[in-house]
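To find a chain, count down the sequence lines: A is the first, B the second, and so on, and within it residues start at 1.
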Amino acid sequence: MSKLQPARGTRDIYGDEALGMNAVVDTFRRVAGSYGFEDLATPIFEFTEVFKRPLGEASDVVSKEMYTFEDRGGEEVTLRPEFTAGVCRAFISNGMQQNLPCRLMSHGPVFRYERPQKGRYRQFHQINAEMIGPETAEFDVDMVAMAWRLLCELGMRDKVVLHLNTLGDVESRAAYRDALVAYFSAHKDKLSEDSVRRLDTNPLRILDSKDEGDKVLVADAPLMSEHLNKESRAFFDLVKAGLEAAGVPFEHDERLVRGLDYYTHTAFEFITTELGAQGTVLAGGRYDGLIEKLGGSKVAGVGWAGGIERLAMLTTIVPEVARPLFMLPMGEAATLKAFALAEDLRAEGYTVIADRSGNLKKRLTRASKANARFAVILGDNELEAGMVMVKDLDRGTQDQVTFDALTAAVVE
RNA sequence: GCGGGUGUAGCUCAGUUGGUUAGAGCGCCAGUUUGUGGUACUGGAAGUCGCCGGUUCGAUCCCGGUCACUCGCCCCA
C-alpha cells in the first residue's frame, strides 16, 4: 500500500462522487439561472483583511480555522473560508452598485482548518448565491424559495426541513441580546462550561447548545419573537407570508441563530437528520451590515451557501452519462482510418473511445464494462472491402456497413 | 482544540487467546475461444497486517507514540 496520502481533511474526488458533485453544481447553476443569477468567480485566496474584518478577529473561523500565510511578496493572504466576504469585496471592487440588485452565483472549494469528519473536510466545496442591494423582505423570500426549488430538484424534498428565524434589526437584536445575557447570567451556576464562555463571546449561541443542562435553561429563556420591534416583526411576517404563498414549507425555529453581528433579520437552515452532526446542508440569511463593514456603501444583502459534498450524499438524481462508442482498429492501416472515422462520429456528437491495445476479446470486454452500446471493429478484411463491422453490444448482433453509412448505423 | 472508536490485498471484510507458508468474496490478469464482450469453468498475480519505537526467544496480535479515517463536542455548509 502506498504511503502517499493526501493532506488531512483533503481528498481526491473521482468516479461516482465526482458525477454526483457535478450534478449538484449543474442543477444549482440551472436553478439559480432561472432566477436571474449570473456567474461570479472570485479568487480562491484574498488579502486576509477581506475575511478578518467582516467575520471579526474573535470569531472561531478567523482565530483558528483560516489557512493564512504570507506570500513571497510579503502579503498576508488567506484561502477563502467562505464565499460571502469575497463576493462582497468583488461587488465593491467592480462598482456593481450601479445596477442593483445584483444576483450572483458562485461555486468552488473553500478551506477551513477543522477536525475532519464525514461530510466535513478542510478543503470542501460550496455553492453560493448572493443577492446584493434589496432591503425588503420579498427578496428574502426569493432566496429561500430558490434554495427550496434546488433541493426539490435534487430529490431532497422529504429529507430536509427548513428552519427559519429572524434576528431582527440592529435595535431588536441588541435588546434581545441584553435580555438573554441578563437571564443566563442569573443562572450562570447551572450553565455548561462552554455556555459560560459564550455568555461573553456569543450569547445567542447558548440557544442551540447541545448540553442537557443548558437545554433546560433555554426552554424558559426569553424569546427573540418577544423582543422584535414593530419594523422587524413586520419584516418577518412578510417573509413568512411570502414563503407560504410560494409553497415553501418551513418551521419557525426560535433557537436558530447566527453569531456574527452583521447578520440581521432572516436566518435559515435546511437541516437533514441523515448526516449526523453535519446535518446542515444549506444555510443563509440577511447581512445588512456586511458591505459597509468591508468599506463599501450602505447596501443590504441576502444570501446562502450549500455544502456540495453533503448535498451530493443526499441527492437522488442519477447523472446521465452518454454511452460511449468503442472504436476497435486492428493493424496499422486500420488505426489510421479509425482516426478519421472517430473524428467524424465525434463531430456528430458521439462519445468515441478508441481502444487500440490488446486483442479483440480484451477490447470488447472493456467496451462492455464502459457501458458502450456499439463497438466498431475495423481490421484488414473490412478495410479492403471499404467497410466496418458494427457490433451492437446490447443485442449481440453485428453488421458490415460502408464507411459512409457508419454514422447512420450507430443511432441508438 | 477536547473525548471515544477504527486501521489486514485495488474494494468490502475474516483471522491469529503472541509461534513457522496471513485468508475469503468482489475486482484484476491469463486460459478454455491465435478476429468477437457481458455467463460459466480453470489457473494466476497482488499484503514489510498504517508508520515508528518498546516488551519478548519470537509481535500483524500486547504496550507507547505518530499518521489517517470515523463518532460526539467546539464551530460550521
Checklist entry - Checking all strands, does A/R8 fall into the base, sugar-phosphate, or nothing category for heavy-atom contacts under 4.0 angstrom? => result sugar-phosphate
Checklist entry - Is the A/W304 ring parallel, tilted or perpendicular to the A/F28 ring (thresholds 30°, 60°)? => result perpendicular
Next on the checklist: Measuring only the P atom in each nucleotide, how far is B/rG25 from B/rG35? A whole number of Å is fine.
Outcome noted: 32 Å
Checklist entry - Under the criterion side-chain contact (heavy atoms from CB on, under 4.5 Å), which of A/D399, A/L364, A/T397 is the partner of A/K391? => result A/L364
Checklist entry - Who is the Watson-Crick or G-U wobble partner of B/rG1, with both distances under 3.5 Å? => result B/rC73
Checklist entry - Does a salt bridge link A/R29 with A/D39, judged by any charged N lying under 4.0 Å from a carboxylate O? => result yes
Next on the checklist: Tell me which nucleotide, if any, is Watson-Crick or G-U wobble paired with B/rG18 when both distances must be under 3.5 Å.
Outcome noted: none
Checklist entry - With a 4.0 Å cut-off on heavy atoms, is A/G284 in touch with a base, just the backbone sugar-phosphate, or nothing at all? => result nothing
Checklist outcome for this item: Among B/rG35, B/rA77, B/rG37, the one nearest any side-chain atom of A/T280 is B/rA77
Next on the checklist: If I take atom CG in residue A/N202 and atom P in nucleotide B/rC75, what distance separates them, rounded to the nearest angstrom?
Outcome noted: 7 Å
Checklist entry - According to a strict under-4.0 Å criterion, is A/K210 in side-chain N/O contact with OP1 or OP2 of B/rC73? => result yes
Checklist entry - When all nucleic acid strands are considered with a 4.0 Å heavy-atom cut-off, which category describes A/L311: base, sugar-phosphate, or nothing? => result nothing
Next on the checklist: Under 3.5 Å, is there any donor-acceptor pair linking the side chain of A/E382 to the base of B/rG35?
Outcome noted: yes
Next on the checklist: Testing A/H252, A/E251, A/E254 one by one against A/N165 for a side chain to side chain donor-acceptor pair (under 3.5 Å), which residue passes?
Outcome noted: A/H252
Item to check | Rounded P spacing from B/rG7 to B/rC51 in Å | outcome: 13 Å
Checklist entry - If pairing requires Watson-Crick or G-U wobble contacts with both distances under 3.5 Å, which nucleotide is the partner of B/rA68? => result B/rU6
Next on the checklist: Does any part of the side chain of A/D140, heavy atoms only, come nearer than 4.5 Å to the side chain of A/F268, both counted from C-beta?
Outcome noted: no
Next on the checklist: Can you see if the side chain of A/R198 gets near the phosphate of B/rC75 - specifically, an N or O under 4.0 Å from OP1 or OP2?
Outcome noted: yes
Checklist entry - When all nucleic acid strands are considered with a 4.0 Å heavy-atom cut-off, which category describes A/N371: base, sugar-phosphate, or nothing? => result nothing
Next on the checklist: If I pick the P atom on B/rG64 and the same atom on B/rG5, what distance separates them, to the nearest angstrom?
Outcome noted: 11 Å
Item to check | Separation between the C1' atoms of B/rA30 and B/rG19, rounded to whole Å | outcome: 37 Å
Checklist entry - Roughly, in whole Å, what's the span from CG in A/D208 to C1' in B/rC73? => result 13 Å
Checklist entry - Hey, does A/F374 reach any base, or is it just sugar-phosphate, or nothing, if we go heavy atoms under 4.0 Å? => result nothing
Next on the checklist: Quick check on RNA chain B: between A/N359 and A/N381, whose nearest nucleotide comes earlier from the 5' end?
Outcome noted: A/N359
Checklist entry - When the P atoms of B/rU42 and B/rG4 are considered, how many whole Å apart are they? => result 50 Å
Item to check | Which nucleotide in B/rG37, B/rG1, B/rA77 has an atom nearest any side-chain atom of A/R115 | outcome: B/rG1
Checklist entry - Taking the side chain as C-beta and beyond, is there a heavy-atom pair between A/L100 and A/F91 under 4.5 Å? => result yes
Next on the checklist: Does a side-chain N or O of A/K362 approach OP1 or OP2 of B/rA30 to a distance below 4.0 Å, or not?
Outcome noted: yes
Checklist outcome for this item: Side-chain contact check for A/K118: nearest option of B/rU70, B/rA77, B/rC74 is B/rU70
Checklist entry - Can you tell me how far P of B/rA77 sits from CD of A/Q123, to the nearest Å? => result 17 Å
Checklist outcome for this item: Under a 3.5 Å limit on both distances, the Watson-Crick or wobble mate of B/rA24 is B/rU12
Next on the checklist: What is the separation between atom CD on A/E384 and atom C1' on B/rG35, rounded to the nearest whole Å?
Outcome noted: 14 Å
Next on the checklist: Please tell me if A/K369 has a side-chain N or O lying less than 4.0 Å from either OP1 or OP2 of B/rC28.
Outcome noted: yes
Checklist entry - Does A/W148 reach the side chain of A/V160, with side-chain heavy atoms less than 4.5 Å apart? => result yes
Checklist outcome for this item: Applying the 3.5 Å cut-off to both distances, the Watson-Crick or G-U partner of B/rA40 turns out to be B/rU32
Next on the checklist: I want to verify a distance call: between B/rU36, B/rA77, B/rC74, whose nearest atom is closest to the A/D194 side chain?
Outcome noted: B/rC74
Next on the checklist: Counting the atoms with a prime plus P, OP1 and OP2 as sugar-phosphate, which does A/G15 contact under 4.0 Å by heavy atoms, base, sugar-phosphate, or nothing?
Outcome noted: nothing
Checklist entry - Which is true for A/R112 with a 4.0 Å heavy-atom rule: it touches a base, it touches only sugar-phosphate, or it touches nothing? => result base
Checklist entry - Touch check for A/L282, heavy atoms < 4.0 angstrom, all strands: base, sugar-phosphate only, or nothing? => result sugar-phosphate
Next on the checklist: Using a 4.0 Å heavy-atom cut-off, does A/D394 contact any base of the nucleic acid, only the sugar-phosphate backbone, or nothing at all?
Outcome noted: base
Item to check | Counter-base of B/rG58, judged by Watson-Crick or G-U geometry with both distances under 3.5 Å | outcome: none
Next on the checklist: Measuring only the C1' atom in each nucleotide, how far is B/rC11 from B/rC28? A whole number of Å is fine.
Outcome noted: 11 Å
Next on the checklist: Distance check, P atoms only: B/rG23 and B/rC63, in whole angstrom units.
Outcome noted: 26 Å
Next on the checklist: On the side chain of A/K391, is there an atom forming a donor-acceptor pair with the base of B/rU36 - under 3.5 Å, no angle test?
Outcome noted: yes
Checklist entry - On a plain distance test, is the side chain of A/S368 in donor-acceptor contact with the base of B/rG37 below 3.5 Å? => result yes
Item to check | Any A/Q117 side-chain nitrogen or oxygen under 4.0 Å from OP1 or OP2 of B/rG72 | outcome: yes
Checklist outcome for this item: Quick note, A/R205 side chain, CB onward, closest among B/rC76, B/rC75, B/rG35 is B/rC76
Checklist entry - Looking for any heavy atom pair under 4.0 Å, which part of the strands does A/A305 touch: base, sugar-phosphate only, or nothing? => result sugar-phosphate
Checklist entry - Is the NZ or CZ atom of A/R11 both under 6.0 Å from the centre of the six-membered ring of A/Y121 and within 45° of that ring's axis? => result yes
Next on the checklist: Counting the atoms with a prime plus P, OP1 and OP2 as sugar-phosphate, which does A/Q398 contact under 4.0 Å by heavy atoms, base, sugar-phosphate, or nothing?
Outcome noted: base
Next on the checklist: Between B/rU16 and B/rA59, how many Å separate the two C1' atoms, rounded to a whole number?
Outcome noted: 11 Å
